Structure formats: C-alpha cells, structure tokens
Amino acid sequence: MLSKAQKTFRPLTLMTVRALHKSALDVVERPAPEETVTSSFGRFIQGVQPYHLTPTVLRRSKRMVLDSLGVSLVGSNTEVFELALQHCQHMYARDDVSSVYGREGTRLSPTLAAFVNGVAAHSMDFDDTWHPATHPSGAVLPALLAISDMMPGNGKPSGLELLVAFNVGIEVQGRLMRFSSEARNIPKRFHPPTVVGTMGSAAASARLLSLDRTQCSHALAIAASLSGAPMANAATQSKPFHIGNAARLGLEAALLASRGLEASPLVLDAVPGVAGFSAFYEDYAPRSLVSPDEEVPRFLLEEQDMGFKRFPAHLGMHWVADAAAKVHETLVGLTGGTVPPHLVQDILLRVPPSKYINRPFPESEHQARHSFQFNACTALLDGEVTVQSFSDAALSRPDLHALLSRVRVEHPADNRANFDCMYAEVEVTLMTGDVLKGRCDTFYGHWRNPLSDDSLRKKFRNNASTVLSPAKVEGLIAVVEDLERLEDCKPLLNQIQ
Amino acid sequence: MLSKSVTGSFGAAICSLRSAHLTDAVVRRTKRMMLDTLGVGLLGTRTQVFNKLLQYSQRYSAQENSRVWGRPGVMLPPQYAAFVNGVAVHSMDFDDTWHPATHPSGAVLPALLALADTLPVRPTGEELLLAFSVGIEVQGRIMRFSKEALDIPKRFHPPAVVGVMGSAAATAKLLGLSPAQCAAALAVAASSAGAPMANAATQTKPLHAGNAARRGLEASQLASLGLEGNKEILDLESGFGIFYGDYSPKELADVSPSGHYSWVLEDQDVAVKRFPAHLGMHWVAEAASAVRRKLLDSNSYLSQVSRITVKVPPSKYVNCPFPGTEHQARHSFQFNCCTALLDGHVSIDSFSSGQMNRSTLKDLLSKVHVEHPQDNHASFDRMYGEVIVETAQGGKYGARCDTFYGHWRKPLSHEDLVKKFQSNASNVLTPEGIEGIVHTIDRLDATEDCTILGSYLQMNKHQTRPLDFSLSELD
C-alpha cells in the first residue's frame, strides 16, 4: 500500500518520459495511466461504490435532487424554456425517448431533453449554488434522467445507481473547482456552470452509462472542448442555456466516448505550454483523486453543503434581501403597515464589488435577478422577494422605481466577492432623519444556515404545483425521499411531467 | 436602433454587406478556399473520426435534413450535417490556415451548405459567396482585437474561439436576419466558443471545427426565434474578451450600400496545405527535403546520418519526439522532418500506420534534436524552419525554409490548387462529381442554385474504402 506521501501528485512532463525511455524506441510516448490526474478521475468515476455514499451525502444529495426538480418544473413555465423547446421541436423530428419537465407527453432525443430540462433548471436562477461558486445540479440531473429514459424498460437504473451517478457528477465539479484559487471568488470571466458543469455532466453520464475508466477519462477530455462561456451572458436570456448546454454537451461527450472517441489523456493535468482544462483559469494546480479501491473516497458534499435559494435570483441577492427585510419590519412598525417611498430619503447598500450584479435600473427580469438594488428595494417595499417579484407588473411599479432612484452602493474593503464570506448591509435614511439599519451575514438557505426539510419541501410544492397535479407533487416528494431504496427509477421518470 | 457599440457595428455590417461589396480579389480567394475545403472535407469522410461522429449523429433525425458529404443518400438534421462535415474538413489537419492563426473555412462552409439544403428558396451561388465571405471577415476582424492572437496558440484553439462566431455570422447572413438578430447570433455563439489546446493533436481536434460550424448555425437559429444574449458581447472583457489576455475591440466602419468595403481577406490571404499536418510542419518538411537532395547529391546516405538538428519556434503541442498516433504525427516537427528526409516529401500516406512504423524512420527520429533559436518566433507570419544533418563521416548539410510553397507569401498556383482538390476528391467521387464541383465553384457567382454542390458532393464512385490509418470499424 503506497504511503500517503507517495500518493501526492508528481508533475509529469514529456521530457521526463523521454529520458526514462531513451533506449527503447518503440515504447508508447504517454505516461502510464496510473500517474496522471486525468486518469485518476476516470478511475474515480468508474470505481465509486454505492456504499461509499454516507448518510450525510445521501441526505444532502436527495435534497438537491428534489430542489432541482422543483425549480425546473416551475421553470418550464418560462419564455426561455419555451424557446428552447420550440427550437428542438422545429429542428429535429419526433424522438419519443426522454421526458421533458412539466410537459405531459413531450419527449425528445436524450441530449435534447437534457438541453431543454437544463434550461428549465436555470431559467429563473432559482437553482442550487455551491462553494466554490457554481450551480451544480442543473447540469447533472437532466442528463441522468435523459439517460434513464433511454435505457430499456427492464434495464432502468435503480434509485441508488442514479444517486451514485449524481454524486459523481457533483463531486467532479467540486474537485475541479478546487484546482484554482480564482474559483473561490464570484466569477468574472467564465461562467462556472459552463466550465465545471459540462465536466460534471460528462462524469455523471459516463458513470450511468457504465463506461470503463479510460472511456470515463476521454469523456472528460471531450467535454473540456465543450466547456466555457463568458460571464457577459449571465443576466441575459442566454444564461439558462449555459446549464442546458452543460447538461447536453456533457452527455454528448460521454456518448461519444462510449463509441471510442478519444481526446487528450492529459486534459486535467498541468502541461506547460499546452493548456487543457487549465485554459479556463489563471492559476491552476490539479490534484489526483485517490483510487476508490485503495481508500474510501470522501465526498466534498460531506464537508461543504449546498445553498438553496428562497427566491429566484442570483445568490448575492439573498443577503441584501434579508438585510432589507429587517429594515422593512422596523419601518412598518413605525408607519403601521406600508412603506411609502416618499418617506425614504436615501438607501445605502454595502455589498461586495461585482459588476454583473450591480444594476441600478434593471430593464428585464434577467437583469432584475442580478441587481442588488432591485432586490433590496423589493424587500424594502414588500418584506420579501418572491417568484412574483420579477413579473412585468412588479418590475414596473412606480413605488419601486421611486426607491431605486434613491439607492447608493458602497463596497467596503472587508466585503469580499465570495459566497462564503460576503455580507450585506442596508441603511435607510428617512426624511425625518432617522436611520434604520439591517445587516445579513448568512441568509436562511445558505449552507451555514440551511433550509429545513420542511422549508425545502414547501419550496418544492410551490414550484411543482404550477405544472403538476397534487398527486404527482406528493408522489415526487415520496419517491425522492426513498430514492436509494428504489429498485427502479421509473416512478421518478413517470412523474416529472 | 442599435447603440453605437462594437457588437452593434458587427450586427449592422453583417446585415448590410452586399455582393456589390465583394471585390475581384476577395471573390477569387474565397473560391479557392471553398474548393480546397470541399476537397479536404471529402477526403476526410474516409477517416475513423468522421465515421464515429456520423454514427453518433445518425440517432438524430429531422423533418428537413441536409446532405452529408461523400455519403450518397445520407442526410442529417442541418446542425448535425454541419457538425460531421466540419469534422471531415479538419479531420486530417489538411484545411486552410490564416494569419492570425485559425482554420477559417471549416467552421463556415459546412454550416452554410447544411443551411442551404433546408431553405425553402435555394440560395444562389452569389449569396453563398457573400455569406461565406462574411463568415471569414468576422473571424479576421475579431482576431485582430488581441495581440495574443498573432502567435501560435497555447490556451484556446482558435477555430473553437473565432470559428463559431464566423459560422454564426455567415448563417445569420444567409438567413437574412436583422442587424439586432445578427448581433444576438454573435452573443449566443460566444457562449459556445472556446476549447483547450490540449485536445489539438488528438482525435477530438476535428470536433473543434465541427462544433464551431454546428453551434454557430444553432446560434443563428436561436436568434431568429428571438433568443438574446448580451448586446455588448464583443465589447466587454467579460464577454468575448475572456478568451484573451489582452483585448481591444474595435467597431467596424459603417457599411454604405454603394461604397467600398475593405475585407481582411484582401490584405491577408490564407495558406493552403500540401500535406495533411499542422502548418508548422510545412516549413520543416521543405527544409528537410532540400537537405536530403544535398545529401544525396554529395553521394552520402541516410544511413550515415548521426545527428539531425531541427530549428523551430517554441510550441509545445507540435514538439513530439516519438508520436504514437496519426494525430500526434501531424503535430510533430520531428516526424515531419524525418519523413521528408527519408522520402523527399510528406504526403497523405506518410501518416498511415505502415509508414509511421518504419524502422528507418524511427531510427532517424532517435537522432533528432530540437532547438529554439531566439529569432524564430512562434508566429505563422514570422517563423522559419531549419534542418541540419550531420553524418558519421563528418559531413554537414543544412537548409532553411522561410516561406513554404502554399504559404500566403507564396500561394499555390491555380493549377496546383485544383490538382490538390482533384487528388483528394478522387478518393470519393466520380470524375463527373469532381469536375462538377470544380466547374461550379469556378462560376459560383453565376450559379442559380448553390445546392447543386451538395449533389456533386454525393456522387460517389463505387467501392470507396476507409483510409487505413488505424483499425477502422468499416474494415
């Protein structure tokens, strides 16, 4: 058994290999599989066993599955989802394989179903968020459900197999993000779901498709060529497509790998002069995963829980909304019920610096979901932000606009653009001269203060009931609760539309 | 009205450019590029990677399908036809190369022909020429937003970065989208851009061109349905700027209907390859061929060679001392040098497993030393290749190539370009198909229906066999 010290990653260069094998001309150029980060990931994907999932990991991942289903179901009501679905139905013939969320009888080719379902998951920015920052579930679950639908009736995966594949997809994302310190901060260049989400989908899909470890590595490498989209498209209608494409293309990568397509065997490794996955980061230090055969893998989800949103907006909005809600409470105490804008002289927000969520006057629902100012003022007026806060009517409220015009934003030096340590302060100065303050360090739903199971189920019910019958809503809750004991995931597949 | 932004100016230009803006030089050059692209694409339909992708893509069907090159009767949904045909074009690294570096045509032509197959009113040859030129132009312009783009790439593979933008622009043009929609197509396409260099020199590299073609077409289709992205996608550092360390976008000048337009292609021609390998290999092969002649002229033998020095620019992904696969061999200074020393040239066949495994070749490979002189810059516009061979008898023979035949500074003659096409196409098509394409491209601006090309592209001769590079599923 190798000691721990020896198991740490040794960077391997082509020159090293050449020196080792100078005399033998017909030795294969590449390093032995055991020695690369890339192959260690392939080995992990194939080698994880169901009994490696601890009770905590099972519980947390089932919560993620339920939440992801719910936000996707409510997301199937959106315009952007409709657009994606129409596109697929126009461009491709009927292919009754994989179910589309919330649309009874509508099925598409597996990758296309993964695509539109992924779009649904992120359509309202209501889906889960992790640390380092990404939206992990929406890229993975749609691909797995699509594959499950693809498999023959008597060969469907069990609930446990689904959960293992799901956790593989999440774990790979988490591990990849830890290769770079850049990933810890709110992103500026590449939208993380498009960087690690595609890889997670490829990993999870490769697992559910039972690819061998070499194929799993190639799936990741093929997926790397399908990763990466700019932050500038966040806060636009295109953003949901980022998750849709992550799900779709990761699945495609796995399908291509299953047909023998090969790509770089060093894609995750740091090779000087030739960028692989490192292309997406300024600093990059990869580490191999331990072999599941030698050591019980420890899932990141065990140490780092997921954040779930209470309303459909960028995670940063939740701090500001909670802080503003506290001020709202005090205000209505003073005024006896409502918050008349003319009483407010000035609103100061102390938030971390992040250009794409600093929008004084958002013009669309997408922009509003990415606006400190909008979410603060909405919570100030209403005491909370909800799904309805982003409707056209709500966006154009005169009261809201009156407040928006009074907002100033400051970026205190100690308020870093990082979901693990940021805070928000809302300071409202009234015409009377009174100053009301609210501060939020950890909003309810953050991983430090997780939603209770009750709250999570309530969110799910609110979301799912917009498209599903009460029977299916409760049915899904029951099925997910019991997922690891399900012999066959058909009950899950049958109730998502 | 679109705001005055770089992105807006691109949207406006894509929409406003007309055939009248095409100059003779641009028309001549784009026709050459199209012919070359079709030829390498046809040859590429015999590769294993094409077969794999075709098999994968055949799970998809549509009401309106587009033709797969070199496969009579085989149709796919347009995006997948664009995909597999794009893969074919880049499958052997035989397609055109530009400066700043990218392979511009493989991302554009497959998308346009696939789209053309599905349009209710078939586009004319002139419309195809114009859309193609627009797709090339957009790529050229955006590459000039960064100095980094001037050098041989290290992070992102350029066809995956700019190719998808070119495909989006070209297909938006052919679809007749509005300026706002053209800009939206670019924004949506940007979210599909980018692939790491590590996958160059692997079987996945051809997918970079295939996906660029496919996803650019998809971006246009989504834009035509009303999908929007960031209206300033080209303006922002957090937009298209993410792919570059330095990024300074510039607006395109207003396109006046009757005025003159300056195309990038007019100032900067493309390079056309004479054998299927990375462009850098062409310098080294020419130098090595010259050294071989000198060696033989002085009655020396290759078996007397004791040391081979190859002086090339530093570029990790094409520095491969002992390539194991055909893909690696196409990206190996050492391999191409030694092949040219042995045979006097590098050809399609040089990358077959038989040729790759020659003991005489491996013997030479073991004697190669690579040097990176300070004055040899990793840029296709400035690099050179020098080969020096020393013999056990004390002989020393050297040659240097500054500009290989086929480079933009020394373009292939028309005759040689057509010969290359005919040689490639004859692996797949009948003489009628071959001549049909040559003739149609030659008179493209007068062709009523450009989809005639698609018919020729499926006029296969009998008994076409896959190229024997490695075990093929069809054998």
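Predicted model, so just to flag it, every value in this text is computed and none were measured. Here is how names work: the chains are called A, B, and so on, in the same order as the sequence lines, proteins then strands, and each is numbered from 1.
Arg59(B) CZ to Met150(A) CE: the interatomic distance, rounded to the nearest 0.5 Å, is 5.5 Å. With rounding to the nearest 0.5 Å, the separation of OG in Ser192(B) from CG in Asn245(A) is 5.5 Å. Rounded to the nearest 0.5 angstrom, Leu112(A) CG and Tyr60(B) OH are separated by 6.0 Å.
Taking non-hydrogen atoms and a 4.5 Å limit, the residue list of residues 251-258 of chain A in contact with chain B, ordered by number, reads Glu252(A), Leu255(A), Leu256(A).
Aromatic ring centres of Phe156(B) and Phe280(A): separated by under 6.0 Å.
Panel note: side chain Gln237(A), backbone Gly229(B); no donor-acceptor pair is recorded below 3.5 Å. Checking side-chain atoms of Arg259(A) against main-chain N and O of Lys52(B) turns up no donor-acceptor pair under 3.5 Å.
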Throw together a table of side-chain donor-acceptor distances under 3.5 angstrom for residues 219-230 of chain A, partners on residues two or more places apart or in other chains.
from, atom 1, to, atom 2, distance (Å)
Ser225(A), OG, Asn199(B), ND2, 2.7
Ser225(A), OG, His208(B), NE2, 2.5
Ser227(A), OG, Ala223(A), O, 2.9

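A salt bridge does not link Lys231(B) to Glu363(A): none of the charged side-chain nitrogens sits closer than 4.0 Å to a carboxylate oxygen.
The neighbour count for Asp392(A) CG, taken as heavy atoms of other residues, nucleotides or ligands under 6.0 Å away, does not exceed 12.
For residues 220-263 of chain A, the set of pairs meeting the ring-ring contact (aromatic ring centres under 6.0 Å, His included) definition, not counting sequence neighbours, comprises Phe115(A)-Phe241(A), His191(A)-His242(A).
With 3.5 Å as the limit, one finds no donor-acceptor pair spanning the side chains of Gln63(B) and Tyr92(A).
In this structure the side chain of Val267(A) never reaches within 4.5 angstrom of the side chain of Thr202(B), judged on heavy atoms.
Looking at residues two or more places apart in sequence or on another chain, you find a side-chain contact (heavy atoms from CB on, under 4.5 Å) between Glu64(B) and Thr118(B).
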